[in-house]
Amino acid sequence: MARHSQLMKDFCSLLPMVDAVSFDVFDTLFVRLLDDPKALFSLMGQQLAEPNFLEQRVEAQTLGFEAMHRDGRGEITLEDIYNNLPHPRYDAATLGAQEQQLEGAVIRLNPEVAALFIEARRAGKTVVLTSDMYLPQSFFMELVKRYGLEPDHCLVSSACNCTKRDDGALFDVLKQRLGLDGTRILHVGDNPLGDVRRAQEKGLRALHYQPPKAIHAPIAIEHVSTQFCAGLIRYRAYHRDLNRWAGLGWEYGGPLLHGFLDWIQEQAVLDQIDRILFISRDGFLLQQTHQNYPHSEVPGLYMRGSRVAFTLAALDERNFIENAPFLLSGSDNITLQDLFDRIAVELPDTATLEDLGLQPSTRLHDGTRQLISQFLIVMRHRILQAARQTRRGLHQHLLELGLKDGMRVAFVDVGWSGTTQHAFERAVSGLMSLEVEGYYLGLSEPSTAIKRKTGMNVKALTESILLDRTQQAELYENRAVAELFFSAPHPTTIGYSTQQNTLRFLEDVERGVDYDLSAIVDAINAGIIEYIQHAEQTIRPLRIPVERKLPMSNLLQLVAHPAPEQATLIGELYNWDAWASTKHYRIYFAGRPSANAYLYYKPDLWPAGWRVAQRLSVANGSTKLDEPSLNKAHDR
């Protein structure tokens, strides 16, 4: 991070010139997980069941300042504030203690400035905390103890009866306490007036700390859950050691999965669900979080499966021709070998293929599509054998998960048209009688339309939070990016086999990938997990609802209106989905191979990212990226 590197460089250049370093506390050495500090009063009002507490607390502080000026004092205290806020049930001391408890709960160490604190300690400098605050000094001593910091002194305006912000008098106290000339003291703080100008007026050296930028607009104070979600998202920006993929996981994936899961758990109770089925791979982290932080009495199971596995399990002589087009879907430019690998069916020997005018390397395109379609009919018997094996394995999987006839289950998937759920319902028909409710992040069309066409029961988080039609269309058009946040550390399950009553999952593999895709998945998932851990540790004890709308708003910014650096980072990913992947064909999110290293590629899996990539190319003086031909050459 260039900003933090410059901060450390500037700090280290000043350090040899001083004997002591003073650190501002709030918004410098420590940060609140709140967009606005007054949101703490809204939270306190909720806990006290006092709807007007925010206004009362702000008014009490104003009255406290008026009394301070009348008495000729230099600062107010927490006691001054609560003496002006009579409460029918609690005295001033009790209310003050509760505010301190909440402040402590929402404060986190700023790792950027903590690094400066540690460096000052390592250099043998005297270290001081200097804060303009009405909270008592004991609060600050408890705070630094919690994080293992050991300042030599702690100067708080409420205890010293003077401040930095008014006339810099607290810096006079600092110089007296240390017995140093101002030039031998460096003060670090975020406020241009109180921490920089006033310090310099008192002869101190000053370093202005500028926090990282947030990724969202200001939020109303009374929306406490939104405030906390925004604060947790922003807190990631202080962690310079997170890589870019983990950062995406924290800022976008973590809030999204947390809110989605909260909706799923709530909906499962309302729908009287017996079991929640988190379908692989999309449901991996959702199920892990459901298991680690159980906030619903409805058990959650991780079910290995996919549209491929369920479609094969439902395949028989009667519906083979009807389902044959699915076997060829998403198959442009893939080879015949890849086509059969992705349904876990073995090809005949090369001699047999050559008799039919085919080879394992034959690429599927407009010129070969009819021949390969006919070959699938020829291979019907072998494909149906695999289908029967898949059906037996699926039945065993259902039994091992503990599912029983008559159960009401939630089928959890990211989206978008309910085709995987439809395949599942067809596959289990005759195996087990289940009532299925589909829970989705988003849908390609209204849930009522899908029910009318298919008869399936489906619900979507996007509809629950009243996303408008334009936003839903943007999400669906750019859905590939949303799916980045729903990955598992294992390949796609494309079938099942049973040997001696042991169930084995058959898996597809990515093809044509020469970068460490699994490392990217792991990093994104690590960021998601870390965000949810922070969220659970913070909001659950404080009884704050899990936010659902802000994560979706942030996701829409990313997928539909990405920043250039986001479009560049994600755009270079290719062959993310194993179903459509092949060795010599790259499907990019929004990029293309350098120097046309690959004959066959498709650049626009992510339309919004592709548009940004085109603008960047023009801005950088390159020619506009034209749509490449998907069939520049044919197999010889």
Side-chain angles (χ1 to χ4, degrees), residues 256-307 309-310 313-314 394-443 446-467 486 488 493 532 536 540 545-548 551-552:
L256 183 69
L257 266 72
H258 203 211
F260 185 29
L261 178 61
D262 187 64
W263 174 76
I264 291 167
Q265 292 172 327
E266 177 185 275
Q267 198 63 53
V269 173
L270 293 173
D271 290 339
Q272 298 182 318
I273 296 296
D274 296 307
R275 299 290 187 274
I276 303 173
L277 301 183
F278 295 97
I279 309 302
S280 66
R281 300 188 315 156
D282 296 350
F284 179 79
L285 284 184
L286 289 168
Q287 193 272 338
Q288 293 286 307
T289 305
H290 179 80
Q291 186 176 29
N292 293 335
Y293 306 103
H295 301 296
S296 168
E297 296 179 0
V298 183
L301 308 171
Y302 186 55
M303 182 169 189
R304 295 289 295 270
S306 64
R307 186 184 174 193
F310 300 145
L394 174 60
H395 189 217
Q396 184 166 334
H397 189 28
L398 296 172
L399 294 174
E400 290 183 0
L401 288 173
L403 300 181
K404 299 176 182 178
D405 282 333
M407 277 189 171
R408 189 173 175 80
V409 299
F411 187 94
V412 177
D413 198 5
V414 175
W416 303 87
S417 304
T419 51
T420 304
Q421 179 184 340
H422 188 248
F424 173 76
E425 292 192 32
R426 291 179 61 197
V428 299
S429 176
L431 296 178
M432 193 173 286
S433 176
L434 299 173
E435 288 186 63
V436 183
E437 292 278 345
Y439 293 169
Y440 296 89
L441 181 74
L443 294 168
S447 57
T448 51
I450 292 176
K451 182 176 177 61
R452 188 168 57 251
K453 292 177 182 178
T454 66
M456 296 189 302
N457 294 317
V458 295
K459 296 180 174 72
L461 173 63
T462 51
E463 291 185 347
S464 172
I465 61 175
L466 304 178
L467 222 60
F486 295 88
T493 301
I532 294 175
E536 287 290 327
R540 296 298 183 181
V546 177
E547 177 63 18
R548 299 174 188 175
M552 187 61 68

Discussion item. Quick check: do H295 and D262 have side-chain heavy atoms less than 4.5 Å from each other?
Written reply: no
Worksheet, complete the sentence: Value for CD (Q267) from NZ (K459), rounded to nearest 0.5 Å, stands at 5.0 Å
Practice prompt. Supply the atom-to-atom distance N457 CG to F411 CZ, rounded to the nearest 0.5 angstrom.
Written response: 13.5 Å
Discussion item. Nearest 0.5 angstrom please: L403 CG to H395 NE2, how far?
Written reply: 10.0 Å
Worksheet item: Between S296 and V269, what is the shortest heavy-atom contact and its length?
Response: OG-CG2, 3.9 Å
Item to complete: Please check if any side-chain donor atom of E536 sits under 3.5 Å from a side-chain acceptor atom of H258, or the reverse.
Response: yes
Worksheet item: Roughly how far apart are L398 CG and L301 CG, rounded to 0.5 Å?
Response: 10.5 Å
Item to complete: Begin with the C-alpha distance, continue with both residues' side-chain angles, and end with the deciding distance and a verdict on side-chain contact (heavy atoms from CB on, under 4.5 Å) for V436 and M456.
Response: CA-CA 8 Å; V436 183; M456 296 189 302; over 6 Å; no
Fill in: Closest contact, heavy atoms only, A460 versus G442
CB-CA, 4.2 Å
Discussion item. More than 12 heavy atoms of other residues, nucleotides or ligands under 6.0 Å from CD of E297: yes or no?
Written reply: no
Worksheet item: How many angstroms lie between NE2 in H422 and OG1 in T420, if you round to the nearest 0.5 Å?
Response: 11.5 Å
Worksheet item: Closest approach of F284 and A488, non-hydrogen atoms and distance?
Response: CB-CB, 3.5 Å
Worksheet entry | Side chain to side chain, Q287 and I279, heavy atoms closer than 4.5 Å | no
Worksheet item: At what distance, to the nearest 0.5 angstrom, does CD1 of I532 lie from CG of N292?
Response: 9.5 Å
Item to complete: For the pair L257 and T289, evaluate side-chain contact (heavy atoms from CB on, under 4.5 Å) and give the outcome as yes or no after the intermediate values.
Response: CA-CA 9 Å; L257 266 72; T289 305; 5.7 Å; no
Fill in: Residue pair M303 / R275, side-chain heavy-atom distance below 4.5 Å
no
Discussion item. Applying the side-chain contact (heavy atoms from CB on, under 4.5 Å) criterion to D413, which one of F278, Y440, F424 satisfies it?
Written reply: Y440
Discussion item. Minimum heavy-atom separation for D405 and S433, please, with both atom names.
Written reply: OD1-N, 2.8 Å
Discussion item. Between Q265 and V298, is there a side-chain heavy-atom distance shorter than 4.5 Å?
Written reply: no
